[in-house]
Structures are given as structure tokens and as C-alpha cells.
Amino acid sequence: MGWVAIVGGDHGVVRASLPEASPSSALDAVQPEIGVAVHTPEQHIDSRVLITAFCAGEPVDLTDIPIDTRDVSPFFKKAWEACRSIPSGQTRSYRWLAEQAGNARAARGAGQAMARNKLALLVPCHRVVSSSGELHGFGGAGLPLKSRLLAMELGR
DNA sequence: GAAGAGTTGTACT
DNA sequence: AGTACAACTCTTC
């Protein structure tokens, strides 16, 4: 898939980059959180293994990876957890996400949650689509990657 | 299909 | 508290 950089803190993974074309660009993506990284990679070795397997197309369960969402609003947190519960290869709408988070009319807010999701792959925001079931939105060059991830999860 | 209105959560002033 | 913004959704041309 490419290069993925993950930043682990004492309370779980704090930041995970999207699959990038090179190691350096992946590192740039997590630059803001590099300050809280722990210097004991062994603590997050499992996370690394799982992500590696995931990118290889294996049906691993990324839900086991601990994520640090302490400084995130309750709504965002619920939206992310709902997102993590989406089975691999399946998709849900932003509206569905909003319902799980507590307010069915907050679809737009749910979109914000995904947009600011710092934990690429761990919170599979690529499985979230518009209510029409189409892949749209996703800022900039995210769409190609999104469809690639979905295709991979479907076993292709 | 395209355009507009309705709603909500967050960040900033 | 008030305002602007957003990876939304539903209703109407």
C-alpha cells in the first residue's frame, strides 16, 4: 500500500498517517504529534504488526489497537468508535454514524469527525460514504486512496 | 441532476 | 454568547 507512520504514546496510538508514497512524506504527516511519541517501540509492536498485515490485505482486526482519544470531544469519540465497528469491506453513511454518536441529524458533524480523524486505518473512515452510497467528499487526493482501500478489503 | 434549505458539532472572536 | 465553517441529507425545482 505504501508507507504508514504511526506515533504511539503512553495511552495508545496518538497519530497514524495515511499510506504515503515515501517514508519521509509519511513522517511529515505525523510531525505535529511526534513530540508525544514514546521511545519504547516495543510497547506498540503489536500495532505495527497489525497495520502491516492490514496493508497486506489480511483481514486483521484493527479494533484491538488502543487509541488515545483523551483530548477529543465526546461526540467525535463516539463517531470514531462507531466507525471502528464497521465490518471490513462494508460501508455506512455519515447519517448512520451520526445516529450511533447520538444525534441522527448530526451527519454533517459526523463528517467533521472523520475529517479531523488523526488515526488513519485505525478509524476506517474510508468505509464511510454518503447516504446515496457513493464515494464522494474526502478532501483532495483522498478519494483514490479510499477506493483502493475498499477494493483491498473486498479481497481485490 | 442541480440548487437550496435545514441541522448539528467545533473552532475562533 | 455569537459567528463561520464542514468529508451531510433531504426537499424541490
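Letters A, B, ... are given to chains in the order of the sequence lines, protein chains preceding strands, and every chain is numbered from 1.
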Phe75(A) CZ to dA6(C) P, straight-line distance once rounded to whole Å
17 Å
I need the CD-P distance between Glu99(A) and dG9(B), as an integer number of Å.
14 Å
Among the nucleotides dA7(C), dC10(C), dG6(B), which one has an atom lying closest to any side-chain atom of Phe138(A)?
dA7(C)
Output, in order, the C-alpha distance, side-chain angles, deciding distance and verdict of side chain to side chain contact (heavy atoms under 4.5 Å, CB included) for Lys146(A) and Val129(A).
CA-CA 10 Å; Lys146(A) 179 177 179 180; Val129(A) 299; 4.0 Å; yes
So do Leu122(A) and Ile6(A) actually touch side chain to side chain, heavy atoms under 4.5 Å?
no
When you measure from the side-chain N and O atoms of Arg95(A) to the phosphate of dC10(C), is any distance below 4.0 Å, counting only OP1 and OP2?
yes
Look only at the side chain of Arg15(A) and the backbone of Ala29(A), and say whether a donor-acceptor pair between them is shorter than 3.5 Å.
yes
Would you mind telling me which residue lines up with the more 5' stretch of DNA chain C, Ser132(A) or Gly109(A), judged by nearest nucleotide?
Gly109(A)
So, is Ser130(A) close to the dA7(C) phosphate, meaning a side-chain N or O under 4.0 Å from OP1 or OP2?
no
Look at Arg95(A) together with Glu99(A) and state whether they make a salt bridge at an N to O cut-off of under 4.0 Å.
yes
dA6(C) C1' sits how many Å from His136(A) NE2, rounded?
13 Å
Taking atom C1' of dG9(B) as reference, at what distance in whole Å does atom NZ of Lys78(A) sit?
12 Å
Is there a donor and acceptor pair closer than 3.5 Å between the side chain of Arg105(A) and the base of dG9(B)?
no
Regarding Tyr94(A), tell me which of base, sugar-phosphate or nothing describes its non-hydrogen contacts under 4.0 Å with the strands shown.
base
Under a 3.5 Å cut-off for both contacts, is dT7(B) paired Watson-Crick or G-U wobble with anything, and if yes, with which nucleotide?
none
Reckon Ser93(A) touches a base, only the sugar-phosphate, or nothing at all at heavy-atom distances under 4.0 Å?
sugar-phosphate
Closest-nucleotide ordering on DNA chain B, the 5'-leading residue of Phe76(A) and Arg108(A)
Arg108(A)
Nearest listed nucleotide, side chain of Ala107(A), among dC8(C), dG9(B), dA7(C):
dC8(C)
Nearest whole angstrom, please: distance from the C1' of dT7(B) to the CG of Leu97(A).
16 Å
To the nearest angstrom, how far is Gln100(A) atom CD from dT8(B) atom P?
18 Å
I need the CE-P distance between Met114(A) and dT9(C), as an integer number of Å.
12 Å
What integer distance in Å separates Gln112(A):CD from dT9(C):P?
13 Å
For dC13(C), give its Watson-Crick or G-U wobble partner with both distances under 3.5 Å, or none.
dG1(B)
Shortest non-hydrogen contact from Pro124(A) toward Cys83(A)
O-SG, 3.3 Å
